[in-house]
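Comments concern the structure below.
All chains are named by letter (A, B, ...) in the order of the sequence lines, taking the proteins before the strands, and each is independently numbered beginning at 1.
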Amino acid sequence: MDMQALRAEQLARAKDVIRHDDFDCLPPRLIAGADVGFEQQGEVTRAALVILEYPSLKLIEHKVARIATTMPYIPGFLSFREYPALLTAWQMLEHQPDLLFVDGHGISHTRRLGVASHFGLLVDVPTIGVAKSRLCGKFEPLDDQPGARQPLMDKGEQLGWVWRSKNRCNPLFVATGHRISNDTALQWVENCMAGYRLPEPTRWADAVASGRPAFLRWQQQG
DNA sequence: GCGACAG
DNA sequence: ATCTTGTCGC
């Protein structure tokens with residue numbers, strides 16, 4: 001693969017990312033969560049999309065797509081590996097979400113185009129990037145109490161927020177994906193918490209993508 | 001040159 | 001990401 005071409009594509013697409021609030025429906029009635037996993041030693045890419053109702057945060061739809069993996073994991077180029085499967089799952093959805101949570105960075109990316117921004121642009125829906133570890137940028141140490149936050153800075157600009165969602169847990173990296181500001185993104189992540197480290201849309205997408213106990217229980221009942 | 005490096 | 005059980009601490 002031509003890394004220089006992919007790098008150029010990232011720089012070009014990053015210019016189209018909208019970093020301010022641009023909602024069609026506020027407050028959002030349906031919120032989606034997206035996550036990607038792998039099977040068969042990485043040969044198969046598995047994308048999960050879930051739809052939650054707001055403010056109940058109840059799961060009302062879930063879809064899983066499996067396609068052949070086309071690219072290896074290379075830091076900084078994650079979106080090219082994951083978006084094909086995500087798009088496939090997206091086309092299976094019966095509901096259209098007003099807001100989307102993607103597991104991974106948004107503009108908090110070396111070239112400002114993490115998977116949340118790339119996928120958000122493709123589906124053109126307000127999108128938030130929620131990552132579990134740092135890719136780039138610097139931040140001051142966080143206080144211990146939940147709710148503590150620090151701006152994630154890189155080259156003089158704020159790329160997002162480092163936010164402690166839960167006591168004794170590592171912080172989350174929340175940032176603009178597309179059509180939402182960093183501040184509003186963090187606000188909606190806060191609105192979607194239910195006592196766990198991850199916000200509900202991300203947590204459910206992860207549970208569905210990985211066949212976790214919580215999802216299996218839900219599937220038996222419903 | 002060296003270290004860092006989402007999922 | 002994935003391979004995988006118990007275990008320590010609140």
Legend entry - 5'-to-3' dot-bracket of DNA chain B (Watson-Crick, G-U; under 3.5 angstrom; crossing pairs as [ ]; | other strand): .......
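The salt bridge (charged side-chain N to carboxylate O under 4.0 Å, His left out) check on A:K138 picks up nothing, with sequence neighbours excluded. For A:P126, the side-chain contact (heavy atoms from CB on, under 4.5 Å) test picks out A:F23, A:L99, A:R179, with sequence neighbours left out. For A:F77, there are no ring pair (Phe, Tyr, Trp, His ring centres under 6.0 Å) partners at least two apart in sequence or on another chain. The ring pair (Phe, Tyr, Trp, His ring centres under 6.0 Å) search around A:H178 returns none, not counting sequence neighbours.
Nearest heavy-atom pair across A:V208 and A:A48 is CG1-CB, 3.9 Å. Taking every heavy atom of both residues into account, A:M71 and A:I74 meet most closely at CE-CD1, 4.3 Å.
Ion pairing of A:D143 with A:R149 is absent here, as no side-chain N (NZ or NE/NH1/NH2) approaches a carboxylate O to less than 4.0 Å. Salt-bridge check for A:E61 with A:K63: passed, with a basic side-chain N closer than 4.0 Å to an acidic carboxylate O.
Counting Ile, Leu, Val, Met, Phe, Trp and Tyr side chains that sit under 4.5 Å apart, directly or through other members, A:I67 stands alone, with no cluster partners.
Between the CD atom of A:E43 and the C1' atom of C:dA1 there is a distance of 14 Å, given to the nearest Å.
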Legend entry - Nucleic acid footprint by protein, nucleotides 2-7 of chain B - heavy-atom cut-off 4.0 Å, B for base, S for sugar-phosphate alone: --SBBB
Inset, instruction - Scan nucleotides 4-10 of chain C nucleotide by nucleotide, 5' to 3', and note B when protein non-hydrogen atoms come under 4.0 Å of the base, S if they reach only the sugar-phosphate, - if neither. - result: ------S
N/O donor-acceptor pairs under 3.5 Å from side chains in residues 27-40 of chain A, not counting sequence neighbours:
| residue | atom | partner | partner atom | Å |
| --- | --- | --- | --- | --- |
| A:E39 | OE1 | A:R66 | NH1 | 3.3 |
| A:E39 | OE2 | A:R46 | NE | 2.8 |
| A:E39 | OE2 | A:R66 | NH1 | 2.2 |

Inset, instruction - Let me see the working for A:E200 and A:K58 under salt bridge (Lys or Arg N to Asp or Glu O under 4.0 Å), right down to the final yes or no. - result: CA-CA 9 Å; A:E200 291 300 281; A:K58 289 196 171 180; over 6 Å; no
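A donor-acceptor pair is defined here as one N or O able to donate and one able to accept, closer than 3.5 Å; such a pair exists between the side chain of A:R134 and the backbone of A:G137. Remark: the backbone N or O of A:H109 is paired with a side-chain donor or acceptor of A:R112 at under 3.5 angstrom. Of the possible polar contacts, none joining the A:N182 side chain to the A:A175 backbone as a donor-acceptor pair under 3.5 Å is found.
Applying the ring pair (Phe, Tyr, Trp, His ring centres under 6.0 Å) test to every pair with at least one member in residues 118-143 of chain A, sequence neighbours left out, gives these pairs: A:F80-A:H118, A:Y83-A:H118, A:W90-A:F119, A:F139-A:F173.
For residues 157-164 of chain A, proximity to DNA chain B is found at no residue, defined as any non-hydrogen atom under 4.0 angstrom from a strand atom.
Taking a pair as Watson-Crick or G-U with both hydrogen-bonding distances under 3.5 Å, no stem of three or more pairs touches DNA chain C.
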